[in-house]
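Some notes on the structure that comes next.
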Protein chains: 2
Amino acid sequence: MARMAAKDRREELIAAAFRVMVRDGVTKATTRAIVNEAKMPLGVFHYCFSSREELLQEVLTRFTFRSAEAARRALQEDGDLGVRVSKSLGAFWEGVELGPGEHQVTYELTHYALRQAGFEELARRQYQGYLEVHQGLLREAAEIDGIRWTVPVPVLARYLNAVLDGLILCWLVDRNSEDSREVLRLAGEHLLTFAEKKE
Amino acid sequence: MARMAAKDRREELIAAAFRVMVRDGVTKATTRAIVNEAKMPLGVFHYCFSSREELLQEVLTRFTFRSAEAARRALQEDGDLGVRVSKSLGAFWEGVELGPGEHQVTYELTHYALRQAGFEELARRQYQGYLEVHQGLLREAAEIDGIRWTVPVPVLARYLNAVLDGLILCWLVDRNSEDSREVLRLAGEHLLTFAEKKE
DNA sequence: CAGCGACTTGGACGGACGACCAACATACGC
DNA sequence: GCGTATGTTGGTCGTCCGTCCAAGTCGCTG
């Protein structure tokens, strides 16, 4: 095998692990499956990571926030708050339907972390991160439009997170895109009712 | 061991498996852990079940609908639609906070089923069941109050399911009861805006 | 070129798991 | 009471897993 710095090999293994997880699920991402995906001999693994859990930790912290970007971009385009929220949700949903596996993995990782002694904190940080992203988007949107939210932003962020999270989960199972998009529309409209013009 | 019909032993094993899952997670519910919980010798397992998956299938189909009952009862009490919806959601949430493990297990089982070849259909039935329960409750509530929903009931059911599912998941991770209940209140009020007096 | 630190590799380990079985024990119909 | 169906048991098989290691290879520095 070509010689490579341990640091670089780590990155490739992390990426390979994520691919395996998306394709076969978190539980199937064994050390052997991962090095096989990365086309490396097994011995490499514990030269780069002290344990399998150390790698899972890396995956968990790296791949949980990729989906927010499209939503953020759409939110910063032109138009009034209504169409921007709508487009933002639509863009986010587009990402979900295009790459469902990534989202499925994040759920699996959450539940894995909740059960793994010493990993609960990681799950907590994961969702804390989600909520902060939503809060950030809500505050941004409010500032651009010069409105204020009539409900505390943390509550609104949790509401948004819940709807999206629950909707994705349901769609992952039954793939009913039509009704899902309708729910998305409902939630978006609901959100707008909490926007109030600043005096 | 006392002699017992295989049928009865199956039931005890299913119950034991569920207890193990609630306590330690689905992945930890190995054949050995289950028979140990049921205080039976290992050999019993494959006398009663042809495979571990057969047992998981039983667990999945049995323990997914226990939480809806409290909500249904509260919905059928006295009062106008507003307070009944509010109380129903409150009763449901009470159940969540009292027994979070059961809900955690249902998520784990869903993701397990989604990854297990030939089990996807089970996950689909699980969520189909959830949606039907919600639809039933919505229709009941509408009939009692003589209103109609201004949004198709399947969409409303999916919305309700998403909010609750997502909210539970978030709470399982960060245990923020205060904000969660606030979101629940928001969703309940939102629901009421879709109720329209029949002419 | 010698030496040393960084990297590579195949194989081996102990443990856990699902599944299986042969031998035995009990109940029940005839 | 005998035979068959049904239930019980402890042990074992093969597999897969995370982890570890010893021996080997490479490339740089002095």
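Proteins come first, then strands; the chains are lettered A, B, ... in the order of their sequence lines, and each starts at number 1.
- Among the heavy atoms of the strands, none lies under 4.0 Å from B:Ala33.
- For the residue pair B:Gln57 / B:Glu53, no side-chain donor-acceptor distance below 3.5 Å is found, with atom types taken as modelled.
- Using a 30° and 60° split on the angle between ring planes, A:Phe45 and A:Phe49 fall in the tilted class, from 30° to 60°.
- B:Asp78 and B:Arg84 are not joined by a salt bridge, as no carboxylate oxygen comes within less than 4.0 angstrom of a charged side-chain nitrogen.
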Please walk me through it: do B:Ser180 and B:Trp93 pass side chain to side chain donor-acceptor pair (under 3.5 Å)?
CA-CA 9 Å; B:Ser180 295; B:Trp93 189 257; 5.7 Å; no

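- DNA chain D is contacted by A:Arg52 of residues 52-61 of chain A, taking any non-hydrogen atom closer than 4.0 Å.
- Taking a 4.0 Å limit (strictly below) on heavy-atom distances, residues 8-28 of chain B does not reach DNA chain C anywhere.
- Of the charged side-chain nitrogens involved, at least one lies within less than 4.0 Å of a carboxylate oxygen, so that A:Glu182 and A:Arg185 count as a salt-bridged pair.
- In this structure, of D:dG7, D:dT9, D:dT25, it is D:dT25 that holds the atom nearest to the side chain of A:Arg3.
- One atom, NE2 of A:His46, and another, C1' of D:dC21, lie 12 Å apart when rounded to the nearest Å.
- Comparing A:Gly43 and A:Arg32, the nucleotide of DNA chain C nearest to each residue sits closer to the 5' end for A:Gly43.
- Comment: B:Lys7 does not engage B:Glu11 in a salt bridge, judged by the lack of any side-chain N to carboxylate O separation of less than 4.0 angstrom.
- For the 3.5 Å distance criterion, the side chains of B:Glu108 and B:Tyr112 fail to qualify, holding no donor opposite an acceptor.
- When each of B:Ala5 and A:Phe45 is assigned the nucleotide of DNA chain D with its nearest heavy atom, B:Ala5 is the one assigned upstream, toward the 5' end.
- Salt-bridge formation is not detected for the pair A:Arg139/A:Glu132: no Lys NZ or Arg NE/NH1/NH2 atom is positioned less than 4.0 Å from an Asp or Glu carboxylate oxygen.
- The pair A:Glu140-A:Arg72 counts as a salt bridge, with a side-chain nitrogen and a carboxylate oxygen less than 4.0 angstrom apart.
- For the 3.5 Å distance criterion, the side chains of B:His190 and B:Tyr159 qualify, holding a donor opposite an acceptor.
- B:Tyr47 comes within 4.0 angstrom of a nucleotide base, judged by non-hydrogen atoms across all strands.
- A side-chain donor-acceptor contact under 3.5 Å links A:Tyr107 and A:Asp165.
- Residue B:Met40 is out of contact with every strand shown, counting any heavy-atom pair closer than 4.0 Å.
- When the nearest nucleotides of DNA chain C are assigned to A:Cys48 and A:Leu42 by heavy-atom distance, the more 5′-ward of the two goes with A:Cys48.
- Bracketed by its first and final contacts, the part of DNA chain C lying under 4.0 Å from non-hydrogen atoms of chain B reaches from C:dC17 to C:dA27 in 5' to 3' order.
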